[in-house]
Amino acid sequence: MPSFSISFKLFFFLLFVASSHAFSSKTIPSREAGALLKWKASLPSDTQTLLSSLWGGSNHCNWTGITCNNAGSITKMVLGEYELKLRGTLHNLNFFYFPNLIWLQLRNNSLYGSIPSHIGNLSNLNFLDLSYNNFSGNIPLEISLLESLYLISLSDNSIIGSIPREILNLTKLHDLDLSHNNLFGSIPSDIGRLSSLSILFLNQNHLTGTIPTSIGDLQNLSQIMLIENRLNGSIPKEIGRIRSLWIIDFSDNHLSGPIPASIGNLSNLKFLYLWSNNLSGSIPNEIGMLKPLFDLQLSDNSLTGAIPDSIGNLTNLETLVLHFNGLSDSIPTSMGNLNKLSMLKVFQNRLSGLVPQTLNNLTHLQSLQLSDNHLRGSLPENVCLGGLLTHFAASNNRLTGSIPSSLRNCTSLYRVRLDGNHLTGNISEAFGIYPNLNFISLSNNNIFGELSPNWGQCHNLTNLQISNNNISGKIPFELGHATQLKELDLSSNHLNGEIPKELGKLTTMSRLLLSGNQFSGKIPSEIGLLSKLEQLDLASNNFSGPIPDDLGNCFKLFKLNLSKNN
């Protein structure tokens with residue numbers, strides 16, 4: 001392969017010498033203008049029209065998107081980001097006629113076909129951006145002849161094939177972005193040769209194999225994105241040598257083994273994404289050394305053991321996502337030190353012990369999700385002290401005590417799930433009016449009291465689930481004002497009285513579940529107005545009178561249970 005590279009260089013050198021007389025300073029500009037016009041003529045008519053509007057006049061240096069040097073030779077070509085996108089191929093754009101071009105940017109167009117091999121003629125090119133087009137085919141090997149390249153961006157195309165090893169000859173390369181393509185094969189094992197590389201984006205391809213250990217030689221690397229490939233093997237411990245890294249994203253691959261302890265050496269790291277892999281073992285204690293860390297996401301793995309107490313050292317952390325693992329033991333009280341934290345997700349683990357009351361210190365919380373663990377004790381009383389909480393979930397644990405008092409005035413709430421616990425408290429006192437609330441489930445607890453008319457003022461509420469509690473009293477007619485309700489589940493409580501006819505206003509309702517209460521009187525005919533109703537369960541009550549004919553208007557109804565009534 002080296003002999004191949006040398007032969008190409010020799011060929012182009014001889015070609016340059018042979019044509020040096022033709023390329024005088026006077027003829028270069030005219031040849032460049034002619035090459036652009038010839039390319040324009042080969043493009044579809046709509047693109048020709050667009051370029052004609054941009055390229056007016058006889059001096060090509062005044063054309064939109066074209067920049068020249070003092071001798072009138074083109075040094076920069078930036079065509080794109082227009083309302084109308086350029087269409088066509090590059091096959092008739094003869095790069096041989098642009099010896100002084102240092103910047104080629106054709107991003108965000110609709111160019112297609114393969115990247116032509118004669119792009120290797122642009123020997124002075126520093127910047128190559130062909131991203132956001134429809135290019136296909138392989139990356140041409142001749143790209144390795146562009147030894148002055150500082151940036152290559154071919155992202156968001158349909159390029160196939162493997163990453164050519166010849167690209168490793170571009171030792172001045174600072175940015176390499178091949179993301180969002182259809183590349184396959186492995187990452188070149190000696191990718192560490194690109195010693196100047198600062199940005200490496202290979203995400204959203206079909207790459208296989210392991211992450212090469214030579215990646216540790218990329219001492220200037222600041223960002224590495226390998227997300228959404230098919231990479232396997234372990235995360236090389238050599239990653240800990242790249243002290244300049246501030247973002248790592250290896251998510252959505254098939255990586256296995258432990259998170260290397262050497263990751264604690266990355267003193268500039270701000271974003272660490274390893275979610276959706278097969279990583280195992282415990283979270284290394286050294287992770288607490290990453291003081292600048294802003295976002296840590298390790299979800300969807302097979303991590304076990306305790307959440308390290310050292311995580312409390314990450315005082316700049318705003319997002320901590322650990323769900324869908326096998327983490328055990330208790331939530332460390334040191335999490336209360338993370339006073340910038342806005343998102344904490346630890347659901348679907350094996351966490352046990354008491355919920356630390358130090359979580360009351362997290363006044364920036366927007367999302368707290370603790371569901372599906374073995375947690376005990378009471379929830380933090382001031383969980384919404386900062387007034388920012390939108391998502392709060394602690395369902396399917398062993399929690400006791402009352403509903404946190406700070407929820408009553410927590411008007412930011414959007415989604416709440418506290419079902420499947422042993423929570424108590426008076427529902428009419430624990431909850432207020434929530435203009436943004438979309439979903440709330442309090443089912444399977446020991447909550448008592450009567451339903452407040454305030455629920456009718458939750459105008460964005462689609463799901464209200466309070467089944468299997470100790471709720472008593474009547475359904476307030478004001479609930480008919482919550483016109484976005486799609487599911488109302490009040491089954492297995494101690495509710496009584498008649499169903500208010502105002503529920504007929506809830507025309508988006510698909511599930512109305514009121515079984516296992518003490519309702520009486522007639523089934524209101526207004527139920528027939530619920531044209532989207534799919535499930536109606538009024539079983540095990542004290543209803544009397546006829547079944548209303550209007551139920552026949554509920555054409556989507558597939559489940560109807562009126563058993564155990566009068």
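Note that the numbering runs from 1 along the sequence shown for the chain.
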Spacing of Ser492 atom OG and Ile466 atom CD1 [to the nearest 0.5 Å]: 13.0 Å

Within the distance-only criterion (no hydrogens, no angle test), does the side chain of Ser428 pair as donor or acceptor with the backbone N or O of Gly449 below 3.5 angstrom? no

Sorted by chain and number, sequence neighbours left out, ring pair (Phe, Tyr, Trp, His ring centres under 6.0 Å) with His323 holds for Phe347

Please report the interatomic distance CG(Leu130) to CG(Asp177), rounded to the nearest 0.5 Å. 11.5 Å

Distance-only polar pair, side chains of Lys291 and Asn316, donor-acceptor under 3.5 Å: no

Just verifying a value: how many Å separate Leu488 CG and Gln465 CD, rounded to the nearest 0.5 Å? 9.5 Å

Enter the distance from Ile499:CD1 to Leu479:CG here, rounded to the nearest 0.5 Å. 11.5 Å

Among residues at least two apart in sequence or on other chains, which ones pass ring pair (Phe, Tyr, Trp, His ring centres under 6.0 Å) with Phe201? none

With sequence neighbours left out, which residue pairs that include part of residues 217-242 fulfil the salt bridge (Lys or Arg N to Asp or Glu O under 4.0 Å) condition? Asp217-Arg241

Listed by chain and number, what are the side-chain contact (heavy atoms from CB on, under 4.5 Å) partners of Met289, not counting sequence neighbours? Glu286

By ring pair (Phe, Tyr, Trp, His ring centres under 6.0 Å) - contacts of His391 (at least two apart): Tyr414

Donor-acceptor side-chain pairing of Ser405 and Glu381 below 3.5 angstrom: yes

Is there a side-chain contact between Leu194 and Leu221, using heavy atoms and a 4.5 Å cut-off? no

From Asn445 CG over to Asn470 CG, what is the distance, rounded to the nearest 0.5 angstrom? 10.0 Å

Taking all heavy atoms of Pro212 and all of Pro188, pick out the closest pair and write down the distance. CG-O, 3.5 Å

Compare every heavy atom of Asn469 with every heavy atom of Asn493, then report the nearest pair and how far apart it is. OD1-C, 2.9 Å

So if I apply the side chain to side chain contact (heavy atoms under 4.5 Å, CB included) rule between Leu512 and each of Leu506, Asp537, Ile527, which one comes out positive? Ile527

Stepwise side-chain hydrogen bond (donor to acceptor under 3.5 Å, both in side chains) test for Thr358 and Thr333: CA-CA 6 Å; Thr358 55; Thr333 58; 5.3 Å; no

My understanding is that only residues two or more places apart in sequence, or in another chain, count here; which of them pass side-chain contact (heavy atoms from CB on, under 4.5 Å) with Arg408? none

Atom CG of Asn277 and atom CG of Asp252: how far apart are they, to the nearest 0.5 Å? 7.5 Å

Are Leu231 and Phe250 close enough that some pair of their side-chain heavy atoms sits under 4.5 Å apart? no

Any side-chain heavy atom of Asn313 sitting closer than 4.5 Å to one from Asn337? no

Partner set under side-chain contact (heavy atoms from CB on, under 4.5 Å) for Ser251, not counting sequence neighbours: Ile227, Asp249, Tyr273, Trp275

Please evaluate residues Asp190 and Arg165 with respect to the criterion salt bridge (charged side-chain N to carboxylate O under 4.0 Å, His left out), reporting the C-alpha separation (whole Å), side-chain torsions for both, the decisive distance (0.1 Å), and the verdict. CA-CA 9 Å; Asp190 48 350; Arg165 289 194 70 255; 2.4 Å; yes

Verify, without hydrogens or angle tests, whether Asn181 (side chain) and Asn157 (backbone) share a donor-acceptor contact under 3.5 angstrom. yes

So ring-ring contact (aromatic ring centres under 6.0 Å, His included) across residues 421-446, not counting sequence neighbours, yields Phe431-Trp455

Is the side chain of Ser328 donor-acceptor paired with the backbone N or O of Ala306 at a distance under 3.5 Å, no angle test? no

When you measure from the side chain of Asn253 to the backbone N and O of Leu226, does any donor-acceptor pair fall under 3.5 Å? yes

Do Ser452 side-chain atoms and Asn454 backbone N/O form a donor-acceptor pair below 3.5 Å? yes

Regarding Asn444 and Asn468, is there a side-chain donor-to-acceptor distance under 3.5 Å anywhere? yes

Evaluate the side-chain proximity of Asn265 to Arg243: yes if any heavy-atom separation is below 4.5 Å, no if none is. yes

Taking atom types as modelled, find out whether Ser280 and Ser302 have a side-chain donor-acceptor pair closer than 3.5 angstrom. no

Using the side chain to side chain contact (heavy atoms under 4.5 Å, CB included) rule, pick out the option among Leu183, Ile224, Ile187 that qualifies with Leu202. Ile187

Identify the heavy atoms of Leu338 and Leu314 that sit nearest to each other, and give their distance. CD2-O, 3.1 Å

Quick one: side chain to side chain donor-acceptor pair (under 3.5 Å) partners of Asp489, sequence neighbours excluded? Ser491

Ignoring hydrogens and geometry, is there a side-chain-to-backbone donor-acceptor pair from Asn517 to Leu495 under 3.5 Å? yes

Does any N or O in the side chain of Ser186 come within less than 3.5 Å of the main-chain N or O of Gly209, such that one atom is a donor and the other an acceptor? no

Can Asn446 and Thr424 be counted as having a side-chain donor-acceptor contact under 3.5 angstrom? no

Results of side chain to side chain donor-acceptor pair (under 3.5 Å) for Asn108 - residues two or more places apart only: Glu81, Lys85

Pairs touching residues 355-381 that satisfy ring-ring contact (aromatic ring centres under 6.0 Å, His included), sequence neighbours left out: none

Less than 4.5 Å apart, any side-chain heavy atom of Leu418 and any of Ser441? no

Test item: Ile215 and Pro236 side chains (from C-beta on) under 4.5 Å apart, heavy atoms: yes

Has the side chain of Asn561 got a donor or acceptor atom that lies under 3.5 Å from a matching backbone atom of Leu536? no

Measuring only between side-chain heavy atoms, which start at C-beta, is Asn301 closer than 4.5 Å to Asn278? no

Closest contact, heavy atoms only, Thr210 versus Gly233: CG2-CA, 4.2 Å

So, Asp300 and Ser276: side-chain donor and acceptor under 3.5 Å apart, yes or no? no

Between Asn325 (side chain only) and Leu303 (backbone N and O only), is there a donor and an acceptor less than 3.5 Å apart? yes

Between Ser371 and Gln369, is any side-chain donor less than 3.5 angstrom from a side-chain acceptor? no

When you measure from the side chain of Asn460 to the backbone N and O of Pro435, does any donor-acceptor pair fall under 3.5 Å? yes

Can you name the side-chain contact (heavy atoms from CB on, under 4.5 Å) partners of Thr363, sequence neighbours left out? Leu385

Could you please spell out the steps behind the side chain to side chain contact (heavy atoms under 4.5 Å, CB included) verdict for Leu437 and Val416? CA-CA 8 Å; Leu437 190 64; Val416 178; 4.1 Å; yes

Note, Leu154 side chain near Ile152 side chain (heavy atom, < 4.5 Å): yes

Compute whether any side-chain donor of one residue and acceptor of the other, for Asp309 and Ser334, lie under 3.5 angstrom apart. yes

